[in-house]
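Here is the structure we will look at.
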Amino acid sequence: MLIPLDKTFFIYRSSAGSGKTRTLAKEYLRLALRFRTGYFKHILAVTFTNKSTQEMKDRILAYLDDFSNDRANELADELKTELGLDDSTFRERSQDVMASILHEYSQFSISTIDAFFQKVIRSFTRESGLIGDYRLEVDQDAVMQEVIDNLMDELGSDRDLTDWVVEFAKANLENERAWDVRHSLIEFAREIFKEEFKEIEHDVITATQDKKFFRNLLGELQGRKYAFINFVSARASEAVNLIQTNGLFTSDFKYAAGGVYGYFLKLSKLSKVSDYFDKGARPQNEYQSIKNWPAKDTKNAALIAKLAEDKLLGILNEILNYWDDHFEEAISAEVALNNFYAFGLIAD
């Protein structure tokens, strides 16, 4: 696409991964190569993060290096056409601009918005009443600590907030964490400064304006988590009771720790979805064959085989199939619940 050089204002709209960096690097180079060698000093590019700043600089220099050495590059053909330059002139200009940037790198003005405004402020320290050696610090933790302290000061006067903090403290104790919610809140609050959060910030704010949002979501997450735990532990307990009722012990079963019996015992006491993160290889392979259930020296091999055939193997496969269908949503719910109360306070 040919873009008129006399135009001064363009808007590019694109989604993530659609080539924004290439497009902006091309626009930068179109200006830098169009005018005199040192014109890059008059070009300002601002980005949101240090990472994208460095990526943009690296990309521009990489392009110039390709152009200077006649390496095949489709962007070179686009720029030659738009600037009306022949191969020789384009190569020479690229070499000159690259050399100029490298020799006067401090004038290569691609920076974050924050860095740009700090530079502006430094240029007007006298007019703004600041001392010449002032220092700007960004201490997110200190700011967040003050905000959280202000939030805690509202306890007692805000009934809903007070109840929420009490529930948060109880949840911390149940999960063997410190009851003081401040530490957990500061740790989780760091998420709001990340770029990933910025992408969903509007949706979060909109959703949490409904006072019923958190209560409804809490019930849904707990329902998914405990439906998984209750199903698995109940079916495993049924298997354990059947084994114990028939007078069998772990020593009657093949493999260490009671083999399939030990597997059922562990699942019968399941309290967290994460404790059943892996189904294990034996339940899906060896335990599917009844001959791998009884120990070699047990006198109850025939009884174990009958119980497995009549009931136990069916229970085992019910549990495995349920894991396949519901584990992902159950573990997701549990992970969300681990930071649920912190998320509620951050929204507040």
Side-chain angles (χ1 to χ4, degrees), residues 3-68 75 79 82-83 93-147 186 189-202:
I3 301 175
L5 292 173
D6 58 342
K7 296 293 183 181
T8 58
F9 184 71
F10 300 97
I11 295 176
Y12 297 97
R13 292 188 180 132
S14 61
S15 57
S18 59
K20 288 191 296 294
T21 302
R22 180 189 186 280
T23 300
L24 295 175
K26 174 185 173 182
E27 289 306 299
Y28 186 99
L29 290 167
R30 199 164 70 105
L31 291 171
L33 294 170
R34 179 188 179 192
F35 300 105
R36 62 186 183 278
T37 301
Y39 188 75
F40 78 93
K41 301 175 189 176
H42 302 278
I43 305 173
L44 170 67
V46 291
T47 66
F48 285 104
T49 66
N50 290 323
K51 180 181 178 181
S52 56
T53 295
Q54 192 59 51
E55 183 182 356
M56 179 74 74
K57 287 184 174 181
D58 291 345
R59 186 76 66 91
I60 289 171
L61 290 173
Y63 282 137
L64 286 172
D65 187 51
D66 286 346
F67 302 161
S68 300
L75 185 61
L79 287 170
E82 294 180 22
L83 294 172
R93 285 198 186 181
S94 297
Q95 292 171 346
D96 290 342
V97 170
M98 184 172 182
S100 183
I101 289 176
L102 293 177
H103 282 95
E104 300 178 271
Y105 196 78
S106 61
Q107 301 294 313
F108 192 19
S109 297
I110 300 177
S111 66
T112 63
I113 296 174
D114 292 344
F116 169 67
F117 278 107
Q118 186 177 352
K119 186 182 292 186
V120 172
I121 291 172
R122 285 192 183 280
S123 300
F124 294 95
T125 51
R126 181 176 179 181
E127 290 82 353
S128 57
L130 298 172
I131 58 176
D133 62 346
Y134 86 95
R135 183 174 63 187
L136 178 65
E137 294 184 0
V138 180
D139 190 343
Q140 295 174 343
D141 286 348
V143 174
M144 188 55 65
Q145 181 66 61
E146 184 174 348
V147 171
I186 289 175
R190 292 193 177 100
E191 296 296 319
I192 70 175
F193 296 111
K194 296 182 179 179
E195 285 188 64
E196 291 84 351
F197 178 79
K198 297 302 179 184
E199 296 178 1
I200 62 171
E201 183 175 9
H202 177 73

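Numbers for residues simply follow the sequence, beginning at 1.
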### Point-to-point distance, once rounded to the nearest 0.5 Å, from CE of Met56 to CG of Leu61
12.0 Å

### Query
Roughly how far apart are Ser111 OG and Lys119 NZ, rounded to 0.5 Å?
5.5 Å

### Query
Would one find more than 12 heavy atoms of other residues, nucleotides or ligands at under 6.0 Å from atom CZ of Phe48?
no

### Query
Which pair of heavy atoms, one from Ala25 and one from Ile60, lies closest together, and at what distance?
CB-CG1, 4.0 Å

### Message
Show every salt bridge (Lys or Arg N to Asp or Glu O under 4.0 Å) that has at least one partner inside residues 93-108, sequence neighbours left out.
### Response
Lys41-Glu104

### Heavy-atom closest pair, residues Ser100 and Gly38
OG-CA, 4.3 Å

### Query
Do Glu55 and Arg59 sit within salt-bridge range, that is, some charged N less than 4.0 Å from a carboxylate O?
yes

### Message
If the condition is side chain to side chain donor-acceptor pair (under 3.5 Å), which residues does Asn50 pass it with, not counting sequence neighbours?
### Response
none

### Query
Is there a side-chain contact between Tyr63 and Arg22 (heavy atoms, below 4.5 Å)?
yes

### Query
With sequence neighbours left out, what residues match Phe108 under ring-ring contact (aromatic ring centres under 6.0 Å, His included)?
Tyr28, Tyr105

### Summary
Distance col, row Leu64:CG vs Gln95:CD, nearest 0.5 angstrom, shows 10.5 Å

### Message
I want to check something: taking the side chain as every heavy atom from C-beta on, are Phe67 and Leu29 in contact at a cut-off of under 4.5 Å?
### Response
yes

### Spacing of Thr49 atom OG1 and Gln54 atom CD [to the nearest 0.5 Å]
10.5 Å

### Query
Side chains of Thr53 and Thr47: donor-acceptor distance under 3.5 Å anywhere?
yes

### Task
Measure the spacing between NZ of Lys26 and CG of Leu33 and express it to the nearest 0.5 Å.
12.0 Å

### Message
Could you measure the distance from the CG atom of Asp66 to the OG atom of Ser94? Nearest 0.5 Å is fine.
### Response
10.0 Å

